[in-house]
Amino acid sequence: MPPKAAGNNFSIAAFVLAGVGFLLIPLLGVLGVVFGAVALRRGERLGKLGLIIAVVGTVLGFVASAVVRLL
């Protein structure tokens, strides 16, 4: 029996959490980083991309939040 292809569930969750972290709540971006790392560890096809986007989304979310608070 051929090996079952890994899904991209954690990668997709990392994308979504990164977006929410960037736009609304930066702390959710941290969860996106965790989900991206899990996806990478599980060998998901989009795992590395999910992790990169989650890290960028988290950093930008925190920067945007800091800028808004300074204004």
- Message: I need the L17 CG to I12 CD1 distance, nearest 0.5 Å.
- Response: 12.0 Å
- Task: Report yes or no: does S65 contribute a side-chain atom to a donor-acceptor pair with the main-chain N or O of G61 at less than 3.5 Å?
- Result: no
- Message: Please determine whether residues L27 and L60 belong to a single hydrophobic cluster, defined as Ile, Leu, Val, Met, Phe, Trp and Tyr linked transitively by side-chain heavy-atom distances below 4.5 Å.
- Response: yes
- Taking S11 for the side chain and G50 for the main chain, is one N or O donor matched with an acceptor at less than 3.5 Å? no
- Note on the structure: Taking every heavy atom of V33 against every heavy atom of A54, the minimum-distance pair comes out as N-CB, 3.6 Å
- Item | Reported CD1-to-CZ distance for the pair I53 and F22, which is rounded to 0.5 angstrom | 13.0 Å
- Is the backbone of R45 close enough, under 3.5 Å, to the side chain of N8 for a donor and an acceptor to pair up by distance? yes
- Message: Check for me, please, whether V59 and I25 land in the same ILVMFWY cluster - side-chain distances under 4.5 Å, paths through other members count.
- Response: no
- Here the gap from L51 atom CG to L46 atom CG, rounded to the nearest 0.5 Å, amounts to 12.5 Å
- Message: Restricting to non-hydrogen atoms, name the atom on E44 and the atom on N9 that form the minimum distance, rounded to 0.1 Å.
- Response: OE1-N, 3.6 Å
- Decide whether V55 and V20 are clustered together by the hydrophobic rule: side chain heavy atoms of Ile, Leu, Val, Met, Phe, Trp, Tyr closer than 4.5 Å, transitively. no
- Message: Is there a path of hydrophobic side-chain contacts, each under 4.5 Å between heavy atoms of I/L/V/M/F/W/Y residues, joining L24 to F15?
- Response: no
- Note on the structure: So the ring pair (Phe, Tyr, Trp, His ring centres under 6.0 Å) pairs with at least one residue in residues 35-71 (sequence neighbours excluded) are F10-F35
- Message: Rounded at 0.5 Å granularity, tell me how far CG in L23 sits from CG in L28.
- Response: 11.0 Å
